[in-house]
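Remarks on the structure that follows.
Side-chain atoms are counted along with the backbone in the values below, which use heavy atoms only and exclude waters and symmetry mates.
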Amino acid sequence: MKNLSFFLFSAVILGISAFDTCPRESCEDSCKNRCGKKLDKSYGCQCNPHCERFGDCCKDYHLCLYADPSSNEVIQPIDEPGKDISNEEIKAMSEKIYELDENRAEDSDIILNKQNAAERTGNKEDLCDEPLYKYVNEEILSRPTYKAFIELTNNYVRKTGTDEEYTPEEIKEQEHFLKEIMKTKLMKELYMFFHKKEMYKTEKEFVDDLQKMWFGLYSRSSGEADSSGFEHVFVGEVKKGKVSGFHSWIRFYLLEKEGLMDYYSYNYDGPWTSYPDVLGKQFHWDGFFKEVGSQFIGSSPEFDFSLYSLCFISRPGKLCKIRLGGHELGIQTYEWTKSTYPNGKKYIATAYPVVSTSM
């Protein structure tokens with residue numbers, strides 16, 4: 001108690017607070033001096049434990065978890081996730097992931113038929129008569145991480161607003177997928193990267209966090225738990241009559257094979273001459289249009305999962321600059337801000353390659 005009292009006294013004298021960066025004009029959306037306070041409708045967001053239930057927490061509410069309840073002041077400064085990870089370290093780590101993707105497709109495993117590029121992506125013109133995938137060596141889809149990934153894709157209802165609930169079997173499938181990808185060199189390398197940064201003490205802690213941030217359910221519409229980061233990014237959703245998310249080449253190929261995917265055109269073709277590559281495209285998914293959907297092509301499930309996780313943990317809600325085979329690319333991630341999981345952590349809202357020639 002003496003040490004805590006001394007620290008609190010020192011914090012007050014020195015003015016230490018994790019909220020010191022809150023600009024005066026935007027403090028009404030901050031938890032500065034408001035941790036634990038009762039509902040106050042004059043503010044646009046709240047800072048008490050009930051806010052997690054109602055989805056109206058302030059963006060910096062997670063800092064309150066380290067606050068002294070009697071004073072509502074933070075007793076030690078808390079660094080934002082990834083603050084001590086440099087842009088160059090992220091690029092170096094992404095290159096390692098690229099090099100270690102042993103399950104990627106070989107050049108002969110996939111033949112694309114890109115056909116025509118779209119000048120205006122919003123025109124909804126079907127410029128391509130043939131499917132995008134002319135040939136895929138389906139032996140690669142029988143590899144353990146691919147099989148585990150594919151098993152997950154039928155666990156969701158694509159229309160937002162429909163309540164989702166995992167069965168015990170579906171939770172086992174999530175755990176199996178994570179177990180399989182953690183056997184790969186690139187996922188072990190990713191864990192060690194964050195472990196050396198003292199962000200995760202054990203591999204189990206890392207995997208448990210991945211399961212929460214990717215598979216945790218939240219509401220994108222009418223209050224129902226109808227979405228997750230994994231569903232949005234890899235499986236795809238339909239919201240307000242449009243395709244949302246959907247950044248998996250494996251999922252696209254399988255649906256195209258079933259006749260449920262109509263490839264319209266492409267608007268970006270990456271500079272890579274082998275797989276993984278990146279393609280930005282327009283398509284129609286069984287009645288619903290996607291104006292611009294970017295996907296890695298020919299990558300393994302663990303490659304996509306690791307890159308998006310690297311960027312979400314290191315640069316949550318920001319443009320994350322990576323490097324693959326000497327070529328730079330952006331990964332954009334967004335946090336789900338209306339609800340959190342334990343310790344005030346944010347779920348993944350989305351993650352995708354930024355298809356821009358300016359990167």
Side-chain angles (χ1 to χ4, degrees), residues 104-138 140-141 149-150 153 158-160 231-301 303-304 307-308 319 322 324-325 327-334 350-359:
R104 73 176 72 184
E106 299 295 333
D107 292 351
S108 59
D109 287 330
I110 298 175
I111 300 175
L112 295 180
N113 184 15
K114 298 171 189 172
Q115 301 164 76
N116 297 310
E119 293 183 5
R120 297 180 181 178
T121 59
N123 285 352
K124 298 185 180 181
E125 290 184 85
D126 189 351
L127 303 177
C128 302
D129 296 329
E130 302 294 329
L132 172 63
Y133 287 92
K134 187 173 183 178
Y135 169 77
V136 171
N137 175 11
E138 293 199 356
I140 64 176
L141 303 182
F149 171 83
I150 292 168
T153 59
R158 68 175 180 173
K159 188 176 184 297
T160 59
E231 178 185 11
H232 183 86
V233 173
F234 293 108
V235 181
E237 298 178 298
V238 171
K239 184 176 182 180
K240 296 180 179 180
K242 296 181 180 179
V243 176
S244 180
F246 204 126
H247 303 287
S248 166
W249 78 267
I250 300 169
R251 172 81 167 152
F252 187 100
Y253 164 71
L254 292 174
L255 288 173
E256 188 175 64
K257 182 183 174 184
E258 290 181 35
L260 299 175
M261 187 66 67
D262 187 359
Y263 169 62
Y264 273 29
S265 57
Y266 72 92
N267 66 300
Y268 175 87
D269 187 6
W272 295 270
T273 55
S274 61
Y275 299 117
D277 198 355
V278 178
L279 191 69
K281 56 186 176 293
Q282 295 68 53
F283 56 88
H284 203 262
W285 176 21
D286 195 23
F288 300 95
F289 183 66
K290 177 76 172 181
E291 183 175 343
V292 178
S294 57
Q295 298 172 355
F296 289 106
I297 305 293
S299 54
S300 68
F303 175 87
D304 293 12
L307 274 185
Y308 293 149
L319 180 65
I322 64 172
L324 305 173
H327 300 287
E328 295 200 355
L329 179 73
I331 298 291
Q332 178 67 58
T333 69
Y334 287 100
T350 192
Y352 55 88
V354 176
V355 288
S356 170
T357 55
S358 63
M359 284 300 304

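For the 3.5 Å distance criterion, the side chains of Ser244 and Glu237 fail to qualify, holding no donor opposite an acceptor.
Listed here is the closest heavy atom pair of Trp249 and Gln295: CA-OE1, 3.5 Å. When every heavy atom of Val235 is checked against every heavy atom of Thr153, the shortest pair comes out as CG1-O, 3.7 Å. Residues Asp304 and Ser299 come closest through the heavy atom pair OD1-OG, 2.6 Å. Ala351 approaches Thr333 most closely through the heavy-atom pair CB-CG2, 3.9 Å. Between Ile140 and Ala105, the shortest heavy-atom contact is CD1-CB, 4.1 Å. Of all the heavy atoms in Tyr264 and Glu125, the pair that sits closest is CD2-O, 3.4 Å.
Between Pro353 and Tyr268, the closest side-chain pair of non-hydrogen atoms is not below 4.5 Å. Glu291 is listed as a side-chain neighbour of Phe289, based on a closest heavy-atom distance under 4.5 Å. Side chains of Ser265 and Asn116 form no contact here, defined as non-hydrogen atoms less than 4.5 Å apart. For the pair Leu254/Leu260, no side-chain contact is recorded, criterion being any heavy-atom separation below 4.5 Å from C-beta on. Using a 4.5 Å heavy-atom cutoff, the side chains of Phe283 and Val243 are in contact. Contact annotation: the side chain of Met261 never approaches that of Tyr133 to less than 4.5 Å [non-hydrogen atoms, C-beta and beyond]. Contact of the Gln115 side chain with the Leu127 side chain is not registered, since no non-hydrogen atoms from C-beta on lie closer than 4.5 Å. Annotation: side chain of Leu279 is in contact with side chain of Asp269 (closest heavy-atom distance under 4.5 Å).
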**Asked** Does the side chain to side chain contact (heavy atoms under 4.5 Å, CB included) test come out yes or no for Val354 and Leu329, once each step is laid out?
**Response** CA-CA 7 Å; Val354 176; Leu329 179 73; 5.8 Å; no

**Request:** Show your reasoning for whether side chain to side chain contact (heavy atoms under 4.5 Å, CB included) applies to Leu324 and Leu307.
**Result:** CA-CA 10 Å; Leu324 305 173; Leu307 274 185; 4.1 Å; yes

**Message:** side chain to side chain contact (heavy atoms under 4.5 Å, CB included), that's the test. Do Leu255 and Phe246 meet it? Break it down for me.
**Reply:** CA-CA 12 Å; Leu255 288 173; Phe246 204 126; 3.7 Å; yes

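Taking the six-membered ring where the residue is Trp, Phe234 and Tyr308 present tilted rings, their angle falling between 30° and 60°. Trp272 and His327 have perpendicular rings, their planes meeting at more than 60° on a 0 to 90° scale where under 30° would count as parallel.
Between the CG atom in Asn137 and the CD1 atom in Ile110 there is a gap of 9.0 Å [rounded to 0.5 Å].
Cation-pi geometry between Lys281 and Phe252 is met: the NZ or CZ atom falls under 6.0 Å from the ring centre, inside 45° of the normal.
Within the 3.5 Å criterion, the main-chain N or O of Leu132 finds no donor-acceptor partner in the side chain of Tyr253.
Shown here is Glu119, whose CD atom has no more than 12 heavy atoms of other residues, nucleotides or ligands within 6.0 Å.
Of the candidates Tyr275, Phe303, Tyr352, Phe296 forms a ring-ring contact (aromatic ring centres under 6.0 Å, His included) with just one, namely Phe303. Of the listed residues (Glu256, Lys242, Arg158), just one forms a side-chain contact (heavy atoms from CB on, under 4.5 Å) with Trp285, and that residue is Arg158.
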